[in-house]
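First the proteins, then the strands, lettered A, B, ... as listed; each starts at 1.
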Amino acid sequence: MKKQLKRQSNTGKDRPRIMAGYNFAYLDEQTKRMIRRTILKAVAIPGYQVPFGSREMPLPYGWGTGGIQVTASLIGPEDTLKVIDQGADDTTNAVSIRRFFSRTAGVHTTTRTREATIIQTRHRIPETHLRNGQIIVYQVPIPEPLRFIEPRAKEVLRMHALKEYGIMFVKLYEDISRYGRIAKAFDYPVLVNDRYVMSPSPIPKFDNPKMDCMPALQIFGAGREKRIYSVPPYTKVKSLDFEDYPFEVERWSRCCALCGSDNSYLDEIIMDDRGSKLFVCSDTDHCNERVAGGYKGNQAESIEEAQISTGTGARKCA
Amino acid sequence: MVATIDLNQMTPGFSDPVFNSQETFRAILGAMAHPGRIVTAGSALDSPHPLNRASAAVCLTLLDFETPLWTDLDSDHMAIGWLRFHCGCPVVQNPSEATFAMITNNDAMPSLNKFKTGNDECPESSTTLIIQTSGLSSMDGKRLSGPGIETFSTLKMEGLTERFWQDRQIQFTMFPLGVDILFTCENTLAALPRTVKVEG
Amino acid sequence: MYVAVKGGEQAIANAHKLLSEKRRGDQAVPELEISQIKEQLGLSVDRVMTEGSLYDRELAAIAIKQAQGDLVEAIFLLRAYRTTLPRFGFSEPIETSRMEIQRRISSSFKDIPGGQVLGPTYDYTHRLIDFALEIPDNGNSETCRAEVAAEAIQNAMPRVADLLLAEGLIEDEATDNDRRPVADLTRDPLELPAERDARLQNLARGDEGFILSLAYSILRGFGASGHPFLGEIRFGEVTVELVPEELGFPIEVGEVSVTECIMFNRFMGSATTSPKFVRGYGLAFGHCERKAMAMAIIDYALRSRELGERSEYPAQDEEFVLFHSDNIQASGFVEHLKLPHYVDFQADLVLMRNRQGEFRDGKKEGRDERELEDEKAAKEAE
């Protein structure tokens, strides 16, 4: 009876077309409710990792199951989804996750950062400034910033509870005394809202400053580790450092070979076996947008597109 | 108690549970991520008296058999029957056992510290309060600041007692412990998570 | 010239087509039928059902076929399907003392009421490849038919542990009546310290290889209490009962075959508790003896805290064992290293180049004596 009454009008006219036999966005409604409640608590306690009943997904753990569960609980027919991996929309895992949502939720997808309402990402924050109203969902492998200093869950729980982050600063200081710098290039720990030390996920530390007072809502999903956490818009996010060793980001002496950008994160491409290299933007949308706007790098003419080889056909090469 | 539910008088829940709850959740999330921002929810609902449409929509979206609810309504009230029927949530007598609380009469509301405020290791295990107000506007009122707010925002919630604001002030100093609050009025709602500093 | 890689979607689709082709293999060879897998690769089916946490021989067999016999991949398929299934209710605990026995042995006693029933077993087979199996004989051969015993196996066989219980020599594990909800790791995250129900569920779902090796480490010396005794291992069919809300009494909903293992371990007593034998418990779907035994050994090892014993070895470390036992989590995370990581590697490259630069500069300014000595020694060696 209960089900019938609820279900009788469950056939809206504008429902998107989705894969038969599965609920909208794959997850069942009870699971979505549980994840939604978790997300709200995560927003209410910035930087704190909220445990949740992460489900087994049809994609492997470590391949974005946390981000996928968060996105699946957020997404609706009005949304436009962008999925990136390493900053690029066309990396294999980004393609695979985007396809998962087109199949299970039938939503619009885009590669344009500006057009997206939800951006699911692995390892990068787009170069284009995110605006208020957008949501960025990070895929997180190890949500616990203290894990590699203290692997015991019970111990680190106490440290977070007491805001006792001494071991983290000791570790960072050891780096400085041994190597002259903090030896963390990505997944560089941050302090959120002056309370919780948080893992920003394995983004390069180059991206850390973008998190500070970001107008967009940031949500982090760790499926295998069963944690969700968040940074609300306009929230203070500080990369850990010392007065005499302030936090600094990577710099390149070169510009993007395609669009000439001198302030974006660059990928290094090895061109041949003699060590020739090329530097191009990791954020493909940002780069394309600049190229479309007339910006040019020093090798813009010598670029050609190719298909990823699957072994069935020959790779197109110049 | 479940047997007293009169199906003939029962108003329906969401017309499309999947999409209506998704839409409502995004409204709640928008409110929670931007404390003080007023959003709309449940506009098309026929909510059972005395629940307003926004409160009813929040319940349909977030409550189920895993979320014990405390409310100030009498246990045989029709609105409780409606909540039990559509959400399947257990109704508890003690506010300290509740994951959600529905407050319809602000004058008689229990002190905030009677609800779950979480503990140091699990600050998330705290009650989310849904407080019905007689008016909600952002024209003037309290000055809010904190995460989710660029500089400050203003929110006026009608009909809350001075004692409530004193309680809230005490809880604010307990961060990360504390309750999170959704204020509702007709088909609108605004959020006051524990992080937010309230002045004025 | 730089070649920008595009067209990932098509590449993935092509890769999956190639996989289907590979799975099918030589088209001249008849395609495997699901019934063949179910009947002739039954132990694979049993393992996939156990670690996949879903009792469905048909689905497990399809998963094995789909995964080209990669059992971890098949377990993953079954798990992912399982999450989408609605829950109708919770069954009553199965009663293994009423099992329809196919095999049952105890190594703690020479003879036991109901007898030692060898049943189908690889024990005492000589591991010589049977070349007769190379050519199918379509069941004509007499060698694959066993004779029927003159006497039927008893219907109810008392569990060996219950016999010791009557004498007060073993801990009483009578079901507690508090009826608190049984842990379910597929719905809630694992919390530490974990109760025994959560631990047993974790071990049952855990990777056979991992659990087995940990059990081996206990027996080999990385475990405090030494040698456990196999109280009993039994394999057979049990009925599953459910109490529907509206009826209020149990009804039979089906039958499953399970392997149950109980290990006896010495507990020498403490200031407050009398000395006695305590149990390690293992249970698996189908016929999975190795798994059930290993599970029973680890179950006991993880009881060290509750028994007030020292916990100093890896297999007794609850957090270490429970957080690393799941092969779906483990393989997902290990294999995620195949995903592109070039952004992070770039960050490390920048860091490493800076660090190397500093290292070289430092050397020019003044190398320490040990470095100079090392260099001298290296030259002399040449």
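For B:R163, the CZ atom sits in a packed shell: over 12 heavy atoms of surrounding residues, nucleotides or ligands are nearer than 6.0 Å. Surrounding CD of B:E186 are at most 12 heavy atoms belonging to other residues, nucleotides or ligands under 6.0 Å away. The environment of CZ in A:F148 is sparse: at most 12 heavy-atom neighbours from other residues, nucleotides or ligands sit within 6.0 Å. Within a 6.0 Å sphere centred on NE2 of A:H108, other residues, nucleotides and ligands contribute 12 heavy atoms or fewer. Counting non-hydrogen atoms of neighbouring residues, nucleotides and ligands closer than 6.0 angstrom, the CD atom of A:E78 reaches no more than 12 such neighbours.
When each of B:A33, B:G30, B:P35 is scored by its heavy-atom pairs under 4.5 Å with chain A, the top score falls to B:A33. Among A:A161, A:S73, A:P51, the residue with the largest count of heavy-atom pairs under 4.5 Å with chain B is A:A161. Note on A:N193, A:T38, A:V231: by heavy-atom pairs under 4.5 Å with chain B, the leading option is A:N193. Annotation: maximal heavy-atom pairing with chain A below 4.5 Å, among B:D64, B:V196, B:D120, occurs at B:D64. Top candidate by heavy-atom pairs under 4.5 Å with chain A, chosen from B:I28, B:T99, B:L62, B:T195, is B:L62. Between chain A and the residues B:R26, B:M32, B:R194, the most heavy-atom pairs under 4.5 angstrom are made by B:R26.
A:K41 contributes atom NZ, which lies 12.5 Å from atom SG of B:C122 (distance to the nearest 0.5 angstrom).
Between A:P46 and B:F175, the closest heavy-atom pair is CD-CZ, 4.3 Å. Shown here for B:G148 and A:Y234, the closest heavy-atom pair between the two residues is O-CD1, 3.8 Å.
Residue A:D79 touches chain B through its side chain alone, counting heavy-atom pairs closer than 4.5 Å. Proximity to chain B (any heavy atom under 4.5 Å) is restricted, for A:L217, to the side chain, taken from C-beta onward. If you measure heavy-atom distances from B:S21 to chain A, the contacts under 4.5 Å come from both the backbone and the side chain. With a 4.5 Å cut-off on non-hydrogen atoms, A:I75 touches chain B through its backbone but not through its side chain. Proximity to chain B is limited to the side chain of A:R195, based on heavy atoms less than 4.5 angstrom apart. With a 4.5 Å cut-off on non-hydrogen atoms, B:S125 does not touch chain A at all. Proximity to chain B (any heavy atom under 4.5 Å) is restricted, for A:K32, to the side chain, taken from C-beta onward. For a residue to count as touching a neighbouring chain, one of its non-hydrogen atoms must lie under 4.5 Å from one of that chain's; by this rule B:S126 touches chain A with backbone and side chain alike. For chain B, no part of A:S230 is nearby; none of its heavy atoms comes within less than 4.5 Å. Contact annotation for A:I35: neither backbone nor side-chain heavy atoms come within less than 4.5 Å of a heavy atom of chain B.
Counting heavy atoms from C-beta on, the side chains of A:L40 and B:F25 come closer than 4.5 Å. In this structure the side chain of A:Y48 never reaches within 4.5 angstrom of the side chain of B:P176, judged on heavy atoms.
B:E66 has a carboxylate O that lies under 4.0 Å from a charged side-chain N of A:R37, or vice versa, which qualifies the two as a salt bridge.
A donor-acceptor pair under 3.5 Å is formed between the side chain of B:Q22 and the backbone N or O of A:L74.
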